[in-house]
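Here the structure comes first, spelled out in structure tokens, and everything after it is commentary.
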Amino acid sequence: MILLPCPWCGPRDAEEFGYVGEMRARPHPVTTTMKEWRDYLYLRRNVAGWTTERWYHQMGCRRYLLVDRDTTTNEVRSAVSGPDRQKS
Amino acid sequence: MVDVRRLGRRPGPARYSAVALLRHGVTDRAWEPAWRTRELRRRYDVVIVGGGVHGLATAYYLARNHGITDVAVLDKGYLGGGGSGRNTAILRSNYLTPEGVRFYDRSLELYRGLAAELNFNVMFSRKGHLTLAHSDASLRTMRWRAEVNKVCGVESDVIGPSDIKRLVPHMDITDEARYPILGALYHPPGGIIRHDAVVWGYARAADSLGVHLHQDTEVTGIDVSAGRVTGVRTTRGDIAAPIVVNATAGWATLVADMAGVRLPVQTFPLQAAVTEPVKPFLRTVVVSGTLHVYVSQTARGELVFGASVDPFASYSTRGSLEFTEGLAAHVLALMPALAKLRLLRQWAGLCDMTPDFAPIMGPTGVDGFLVDVGWGTYGFKAGPVAGETMAECVATGRTPDLISAFGLDRFAQGRLVGEKGAAAVGH
Ligand SMILES: Cc1cc2nc3c(=O)[nH]c(=O)nc-3n(C[C@H](O)[C@H](O)[C@H](O)COP(=O)(O)OP(=O)(O)OC[C@H]3O[C@@H](n4cnc5c(N)ncnc54)[C@H](O)[C@@H]3O)c2cc1C
Ligand SMILES: [Zn+2]
């Protein structure tokens with residue numbers, strides 16, 4: 001079992017969370033070029049090692065959080081409350 | 001010194017046959033290794049990174065179809081240690097898009113002749129493949145798939161519950177089931193194969209044609225100069241090569257990054273499990289997308305179970321209890337009679353998922369650097385055709401028609417393939 005330290009609910013089973021994915025900056029939908037937008041849609045860094053990603057505590061506080069995780073071991077270092085969908 | 005036992009024989013390993021088996025049985029003579037360990041050269045015409053079915057098949061067809069034998073296959077571990085040795089070995093060609101159907105059907109055609117061609121028993125068992133529909137929506141997708149399949153000349157049809165019961169008497173087709181079964185897509189040419197044998201057969205055949213296979217040789221860098229690949233760096237020294245093929249599946253982005261090429265690929269673990277062996281009772285492969293589960297019975301009698309990928313991206317191949325719990329519940333929803341069976345093993349492999357559930361094949365922005373990746377949860381069945389077409393791509397410098405839809409540039413151009421409806425669960 002993998003525990004994610006939710007800043008609101010404490011350590012909880014990762015099964016309670018939805019995986020949103022690695023953090024990446026969204027280009028502005030109005031000023032972006034088609035290439036930038038498609039890169040944003042499809043490309044991932046797919047890091048093997050520590051990475052910061054967004055999770056959603058769907059069976060808990062229903063807030064978004066940012067989690068540091070090592071993708072080779074699934075060790076989780078820290079989690080902070082993250083921007084919600086609107087603000088990202 | 002001349003080895004008298006080798007006189008008058010063609011180079012390469014001895015042919016496997018009933019006579020050879022008998023001879024070894026009565027003389028107690030050891031079998032020769034299936035492939036040789038060679039000196040690592042400082043230069044090759046073609047370097048293939050990744051010794052799974054894709055890398056090995058590409059090397060084999062380069063040598064056999066195009067006479068290109070100055071080829072090295074490099075693997076950081078052992079041959080078949082990636083997805084090729086961990087998959088559930090389901091073969092089928094009942095995809096959703098015409099591009100997909102034609103491509104996978106060619107692979108099945110090659111698989112059918114493979115044992116004879118490689119002189120290696122790959123145990124392709126054409127037991128038929130059933131994809132269950134538990135909702136009107138999935139029944140519609142199956143009807144669609146069946147029609148696309150038929151137009152492409154692939155045997156495939158939608159059947160009703162009574163026909164399903166005839167094929168799989170243990171299936172619960174009553175209305176009381178949690179997810180009642182409305183029908184299924186039946187694909188008689190599908191089946192299962194012995195995945196290790198496919199890997200070893202290609203390795204042995206490629207080796208006998210002169211290809212060098214180097215295990216324990218990790219690629220740590222790729223040299224690019226003026227937009228052209230010039231070689232690779234490895235844990236055993238640098239190798240010059242004008243052509244480098246990336247066939248590393250779950251590790252594909254790490255290798256592509258070395259050449260400065262970005263891929264729309266994310267690595268997810270996929271788990272599978274196998275039960276103790278029981279008498280043969282399950283004739284076909286059974287897949288349920290709604291229940292995220294599929295089942296087949298091997299020649300040895302074990303039931304092989306698989307599911308969808310794990311819920312988050314990772315390079316870890318540790319199994320999880322969540323997987324086994326979900327799997328058991330879903331299998332029992334389909335076949336309650338299996339409640340007493342015990343699981344023997346569970347394992348995981350890495351899958352290189354693409355946004356459209358179709359592979360990425362051919363040239364990249366760097367000259368001489370080619371990719372054969374994005375095989376997700378469904379790439380074992382594509383090994384032969386991917387090897388054949390990638391070899392043609394390398395040898396001729398042109399992209400064969402069969403894979404023209406799968407180019408890396410499709411993402412920037414917004415021409416995705418849309419295979420999700422046929423590849424998300426049923427591998
Ligand atoms: C549990 C499971 C079930 C599956 N079921 C099916 C199925 O039923 N049907 C189906 O068609 N497909 C299935 N698949 C998918 C299939 O296994 C893969 O798509 C396929 O095996 C990919 O083959 P490959 O040769 O491209 O990669 P792999 O077999 O993964 O080989 C890649 C190789 O690259 C090597 N490598 C990586 N990085 C480096 C480096 N830097 N230097 C040198 N070598 C490197 C690795 O060691 C590895 O051996 C399943 C996968 C899994 C995990
Ligand atoms: Zn919470």
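Order of the sequence lines fixes the chain letters, A, B, ..., with proteins taken first and strands second; residue numbering starts at 1 for each chain.
When the candidates B:Ala313, B:Pro355, B:Gly414, B:Ala412 are compared by the number of heavy-atom contacts under 4.5 Å with chain A, B:Ala313 comes out ahead. Considering only heavy-atom pairs separated by less than 4.5 Å from chain B, the leading option among A:Asp39, A:Thr71, A:Ile2, A:Thr72 is A:Thr71.
Scanning all heavy atoms of the two residues, the minimum distance from B:Val229 to B:Val366 falls at N-CG1, 3.9 Å. Scanning both residues, B:Thr220 and B:Met258, for their nearest heavy atoms gives C-SD, 3.6 Å. Of all non-hydrogen atoms in B:Met390 and B:Val371, the two that sit nearest each other are CE-O, 3.3 Å.
When A:Phe17, A:Tyr19, A:Tyr64 are each tested for a ring-ring contact (aromatic ring centres under 6.0 Å, His included) with A:Tyr56, only one passes: A:Tyr64.
Heavy atoms of A:Met34 lying under 4.5 Å from chain B are absent altogether. In this structure, the portion of B:Leu263 lying under 4.5 Å from any heavy atom of chain A is its backbone and not its side chain. Residue B:Ser320 does not touch chain A at all, counting heavy-atom pairs closer than 4.5 Å. Contacts between A:Asp70 and chain B at a heavy-atom distance below 4.5 Å are absent for every atom of the residue. With a 4.5 angstrom heavy-atom cutoff, A:Trp37 does not touch chain B via any of its atoms. Contacts of A:Arg45 with chain B are made by both backbone and side-chain atoms, with heavy-atom separations under 4.5 Å.
Both the sub-6.0 Å distance and the 45° axial angle are satisfied by A:Arg24 relative to the ring of A:Tyr40.
Residues B:Gln346 and B:Phe305 form no side-chain contact, since every pair of their non-hydrogen atoms from C-beta on lies 4.5 Å or further apart.
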Handout entry: From CA spacing to verdict: side-chain contact (heavy atoms from CB on, under 4.5 Å), B:Asp310, B:Phe268
Key = CA-CA 6 Å; B:Asp310 281 2; B:Phe268 283 81; 5.5 Å; no
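For residues 248-257 of chain B, a heavy-atom distance under 4.5 Å to chain A picks out B:Thr253, B:Leu254, B:Asp257, given by residue number.
Ring pair B:His292/B:His330 is tilted by interplanar angle, where 30° to 60° counts as tilted.
For CZ of B:Arg318, the number of neighbouring non-hydrogen atoms (other residues, nucleotides, ligands) closer than 6.0 Å is 12 at most.
Ring to ring, A:His57 and A:Trp8 are not that close: their centroids are 6.0 angstrom or more apart.
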